[in-house]
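Beneath this line is the structure, given in structure tokens, with notes to follow.
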Amino acid sequence: AWTLTNEAFFKDPKNVDYLKLRLGYGEVGTQNTSGSSLYSNNIRLIPTINGLFGQTSVAGVPANVGNPALSWATVKTLNAGLDGTFFNRKIDFTIDIYRKTTTNMILPTVLPSFAGLDPNPPNNSYQEIEPPTTNAGEMLNTGIDIGLTTHNITHKDFTWTSSFVFSHYKNLVKSLN
């Protein structure tokens with residue numbers, strides 16, 4: 001952030017009490033998923049199976065298809081903002097714009113039912129095998145937030161402040177594999 005009103009070239013401007021410019025960038029990896037053991041194949045145990053001669057045993061069936069190539073999703077965020085106070089602290093103003101790109105989104109693979117795998121995971125039934133989870137796409141989020149606060153009346157026994165907020169955002173799925 002850069003507080004412009006602290007600079008020598010910005011001393012005593014008319015009607016501007018405070019002005020700050022903000023800029024930020026960051027990248028974060030995430031493995032936020034709804035499943036567990038997504039990297040390896042797993043076996044689901046069926047606790048009681050009756051054998052041919054009356055004995056009981058435990059059987060195992062495939063539970064899922066793992067994906068050892070699964071990687072973290074990456075979220076890149078770029079944002080900029082401006083904060084200002086004007087007219088002897090009567091008006092506060094803030095504006096923020098942002099752009100967030102998510103790549104390698106972690107999603108379950110959607111397969112046709114004839115593939116023999118559950119098209120709607122997760123499934124707790126022993127009869128269906130869950131398909132692999134993959135890095136399946138990219139999404140873009142952009143937006144703007146504007147805030148305006150006016151200090152209309154400030155007295156010992158009475159204060160009137162008004163705040164207005166405007167936000168607009170757009171989400172776009174850029175690709176799905």
Side-chain angles (χ1 to χ4, degrees), residues 1-40 64 66-111 119-123 130-177:
W2 180 22
T3 305
L4 298 168
T5 48
N6 287 347
E7 298 296 331
F9 65 84
F10 212 89
K11 291 296 177 193
D12 299 324
K14 281 190 170 185
N15 301 320
V16 179
D17 303 314
Y18 177 79
L19 197 60
K20 180 192 273 187
L21 180 64
R22 295 177 282 110
L23 187 64
Y25 177 78
E27 289 188 31
V28 178
T30 179
Q31 61 179 3
N32 187 13
T33 63
S34 60
S36 60
S37 303
L38 302 176
Y39 299 93
S40 60
N64 72 304
N67 182 0
L70 185 65
S71 64
W72 285 33
T74 302
V75 180
K76 299 176 185 177
T77 305
L78 176 64
N79 62 313
L82 183 67
D83 300 323
T85 303
F86 308 97
F87 303 110
N88 200 23
R89 298 189 171 119
K90 291 288 187 187
I91 298 175
D92 296 320
F93 176 79
T94 185
I95 184 169
D96 290 289
I97 57 173
Y98 60 90
R99 177 183 178 95
K100 181 169 88 169
T101 304
T102 304
T103 56
N104 291 327
M105 293 188 318
I106 300 173
L107 298 169
T109 304
V110 178
L111 298 172
N120 300 304
N123 188 336
E130 293 180 16
T133 298
T134 59
N135 297 104
E138 182 176 340
M139 184 165 60
L140 175 66
N141 309 95
T142 56
I144 184 169
D145 298 317
I146 300 172
L148 177 68
T149 300
T150 59
H151 304 278
N152 307 315
I153 299 173
T154 305
H155 290 294
K156 179 181 173 185
D157 297 327
F158 180 75
T159 301
W160 173 20
T161 302
S162 301
S163 294
F164 303 94
V165 176
F166 171 79
S167 293
H168 176 72
Y169 64 91
K170 183 177 179 182
N171 297 328
L172 174 67
V173 177
K174 294 178 72 175
S175 67
L176 284 176
N177 299 344

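Here the structure is a predicted model, which means the values were calculated and not measured. The first residue in the sequence is number 1, and the count goes up from there.
Here Val28 pairs with nothing under the side chain to side chain contact (heavy atoms under 4.5 Å, CB included) rule; sequence neighbours left out. With sequence neighbours excluded, the residues that form a side chain to side chain contact (heavy atoms under 4.5 Å, CB included) with Asn15 are Phe87. Shown here are the side-chain hydrogen bond (donor to acceptor under 3.5 Å, both in side chains) partners of Thr159, two or more places apart in sequence or in another chain: there are none. Judged as a side-chain hydrogen bond (donor to acceptor under 3.5 Å, both in side chains), and not counting sequence neighbours, the contacts of Lys20 are Tyr18. By the side-chain hydrogen bond (donor to acceptor under 3.5 Å, both in side chains) test, Asp92 is found to be paired with Thr85, His151, residues two or more places apart in sequence or in another chain being considered. Scored by the side chain to side chain contact (heavy atoms under 4.5 Å, CB included) test, His155 finds Ile153 as partners (sequence neighbours excluded). Evaluation of the side-chain hydrogen bond (donor to acceptor under 3.5 Å, both in side chains) rule for Thr150 yields Asn152 as partners, not counting sequence neighbours.
Considering CZ of Phe164 and OG1 of Thr149, their distance stands at 9.0 Å, rounded to 0.5 Å. Atom CD1 of Ile91 is separated from atom OG of Ser162 by 11.0 Å, given to the nearest 0.5 angstrom. Here CH2 of Trp2 is found 11.5 Å from CG of Leu82. Values are rounded to the nearest 0.5 Å. Atom CG in Asn79 sits 12.5 Å away from atom CD1 in Ile144 (nearest 0.5 Å).
No donor-acceptor contact under 3.5 angstrom links the side chains of Thr134 and Asn67, judged on distance only.
For the salt bridge (charged side-chain N to carboxylate O under 4.0 Å, His left out) condition, the pairs that include at least one residue of residues 133-158, sequence neighbours left out, are Glu138-Lys174. Pairs passing the salt bridge (charged side-chain N to carboxylate O under 4.0 Å, His left out) check and including a residue from residues 68-77, sequence neighbours excluded, do not occur.
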Solution key, residues 94-106 side-chain donor-acceptor pairs under 3.5 Å, sequence neighbours excluded:
{"residue": "Thr94", "atom": "OG1", "partner": "Asp83", "partner atom": "OD1", "Å": "2.7"}
{"residue": "Asp96", "atom": "OD1", "partner": "Arg22", "partner atom": "NH1", "Å": "2.8"}
{"residue": "Asp96", "atom": "OD1", "partner": "Arg22", "partner atom": "NH2", "Å": "2.8"}

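Shown here is Phe10, whose CZ atom has more than 12 heavy atoms of other residues, nucleotides or ligands within 6.0 Å.
Listed here is the closest heavy atom pair of Leu23 and Ala80: CD1-CB, 3.9 Å. Minimum interatomic distance between Gly66 and Pro132 (heavy atoms only, all atoms of both residues): O-CB, 4.2 Å. Between Phe9 and Leu4, the closest heavy-atom pair is CZ-CD2, 4.5 Å.
For the pair Asp17 (side chain) and Asn88 (backbone), a donor-acceptor distance under 3.5 Å is present.
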